[in-house]
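Numbers here simply count residues along the sequence, with the first being 1. Counting convention: from 1, in listed order, for ligands and their atoms alike. The model shown is predicted, which means the values in this text are computed figures rather than measured ones.
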Amino acid sequence: MPLERSRVKLPKVIGHRGAAEAAPENTLAGFREARRQGAHWVEFDAKLSADNRAFLLHDDDLDRTSNGSGPARLKSWDELRTLDAGAWKSPAFTGEKLPLLAEALALFAELDLSFNLELKPCPGRAVETARLILDEVRRLWPADRPAPLISSFEIACLETARDRAPDLPRGLLLEEHPADWRDLAERLQVVSVNIWDRDVTPEWAGEIKAAGYGLLVYTVNDAARARQLLDWGVDGVFTDAPARILAAVA
Ligand code: G3P
Ligand code: MG
């Protein structure tokens, strides 16, 4: 049985990048919207600026979700903080900023939100991203609050997390069905395996649960599909539309 399994109670519904259908992803407005829709957990993607500030962004590049352009890894925080991360979604969100990790954590404490921090390093920065971000989480997130789930597709991030912050529960993100998933999960001492909706089968879901791991599936925006996955033994789903899925699985 995975070591820290008892330290995290996985929810049925996790707001994906906040509430990405209604509000700009990975922004404070998005987390407020997820909470307004009834979510108690949110997922977000975190990486480092060129000058090692931890902030929230999914893509390697700035173009899709801000008025900036090019690789985020080349920008200092002073440059990143000037960008608009809301107007691309809707004029109503004009002025929304890329959040620092510290700003997101402060909001989660205020809103009583639990979180899944996905380590999404800029290319070539896996180890330092995990090291600096986990140090910051441990410094800023009170130990008496519910433990966050730390996840990544990057094995180097999860190895660093295991070695540097062994007390923080980890999730192994997969976008295929690797033959060695059990070895990976065991070696990385994860509490959950987080898999792509496209890859889920009742058989694989059963194997993951029988091995003692939590099972989360991304990204599920259809209510009937969410119900089916929970019937298969999935613990919870990441969704861009928390209210719709909460209404379906309550
Ligand atoms: O953590 C679940 C999901 O966010 C993983 O994929 O690309 O949306 O970060 P992605
Ligand atoms: Mg993510």
> Non-hydrogen atoms of Leu173 versus ligand 1: any pair closer than 4.0 Å?
yes
> Looking at ligand 1, does any of its N/O atoms fall within less than 3.5 Å of an N/O of Tyr218?
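No, no N or O pair falls under 3.5 Å.
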> Working note: Glu25 + Lys89, criterion salt bridge (charged side-chain N to carboxylate O under 4.0 Å, His left out); need CA distance, chi angles, decisive distance, verdict.
CA-CA 9 Å; Glu25 64 184 59; Lys89 181 75 176 170; over 6 Å; no
> List every atom of ligand 1 that sits less than 4.0 Å from any heavy atom of Arg17, numbering the atoms from 1 in the order shown and giving each element.
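That gives atoms 7 (O), 8 (O), 10 (P) of ligand 1.
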> Is the closest heavy atom of Trp196 to ligand 1 under 4.0 Å?
no
> Measuring from the Mg ion (ligand 2), name the closest N, O or S atom belonging to Asp45.
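When I compare the N, O and S atoms of Asp45, OD1 is nearest to the Mg ion (ligand 2).
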> Glu118 versus ligand 1: do any nitrogen or oxygen atoms come within less than 3.5 Å of each other?
yes
> Pull out every atom of ligand 1 sitting under 4.0 Å from any heavy atom of Lys120, numbered as shown with elements.
7 (O), 9 (O), 10 (P)
> Got a salt bridge between Asp112 and Arg145, using NZ or NE/NH1/NH2 to carboxylate O under 4.0 Å?
yes
> Distance under 4.0 Å to a non-hydrogen atom of Glu43: what atoms of ligand 1 satisfy this?
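In order of numbering, the contacting atoms are 1 (O), 2 (C), 3 (C), 4 (O).
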> Can you get from Phe55 to Leu105 by hopping between Ile, Leu, Val, Met, Phe, Trp and Tyr side chains that sit under 4.5 Å apart?
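Unlinked, Phe55 and Leu105 end up in two clusters.
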> Within the supplied structure, the quantity of interest is the number of heavy atoms (other residues, nucleotides, ligands) at a distance under 6.0 Å from Arg81 CZ; does it exceed 12?
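No, because the 6.0 Å sphere around CZ of Arg81 holds 12 heavy atoms or fewer from other groups.
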> Measure from the Mg ion (ligand 2) to every N/O/S atom of Glu43 and report the name of the nearest one.
OE2
> Pro121 pairs by side-chain contact (heavy atoms from CB on, under 4.5 Å) with which of Glu128, Lys47, Glu154?
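For Pro121, the side-chain contact (heavy atoms from CB on, under 4.5 Å) test succeeds with only one of Glu128, Lys47, Glu154, which is Glu154.
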> Hey, which atoms in ligand 1 end up nearer than 4.0 Å to a heavy atom of His16?
3 (C), 4 (O), 8 (O)
> Which atoms form the tightest heavy-atom contact between Leu57 and Ala72, and what is the distance?
CD2-CB, 3.6 Å
> Kindly indicate, with the supporting measurements, whether the criterion side-chain contact (heavy atoms from CB on, under 4.5 Å) is fulfilled by Lys12 and Asp235.
CA-CA 6 Å; Lys12 286 186 188 170; Asp235 291 292; over 6 Å; no
> Which N/O/S atom belongs to Glu118 and is the closest one to the Mg ion (ligand 2)?
OE1
> Heavy-atom pairs closer than 4.0 Å: do any link ligand 1 to the side chain of Thr219, the backbone, both, or neither?
neither
> Val200 and Leu229: side-chain contact (heavy atoms from CB on, under 4.5 Å), yes or no, with the steps?
CA-CA 8 Å; Val200 192; Leu229 290 169; 3.9 Å; yes
> For the CD atom on Gln228, are there more than 12 heavy atoms of other groups (residues, nucleotides or ligands in this structure) within a distance under 6.0 Å?
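Counting other residues, nucleotides and ligands, CD of Gln228 exceeds 12 neighbours.
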> Need the ligand 1 atom indices (1-based, order shown) with element for anything under 4.0 Å from a heavy-atom of His58.
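Taking each heavy atom of His58 in turn, ligand 1 has 7 (O), 8 (O), 9 (O), 10 (P) under 4.0 Å.
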> Counting distance only, does the side-chain N/O of Ser192 pair as donor-acceptor with the main-chain N or O of Asn194 below 3.5 Å?
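Judged by distance alone, no pair lies under 3.5 Å.
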> Under 4.0 Å from a heavy atom of Phe153: which atoms of ligand 1 are those, numbered in the order shown and with their elements?
5 (C), 6 (O)
> Can Glu175 be said to touch ligand 1, with heavy atoms closer than 4.0 Å?
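No, Glu175 has no heavy atom closer than 4.0 Å to ligand 1.
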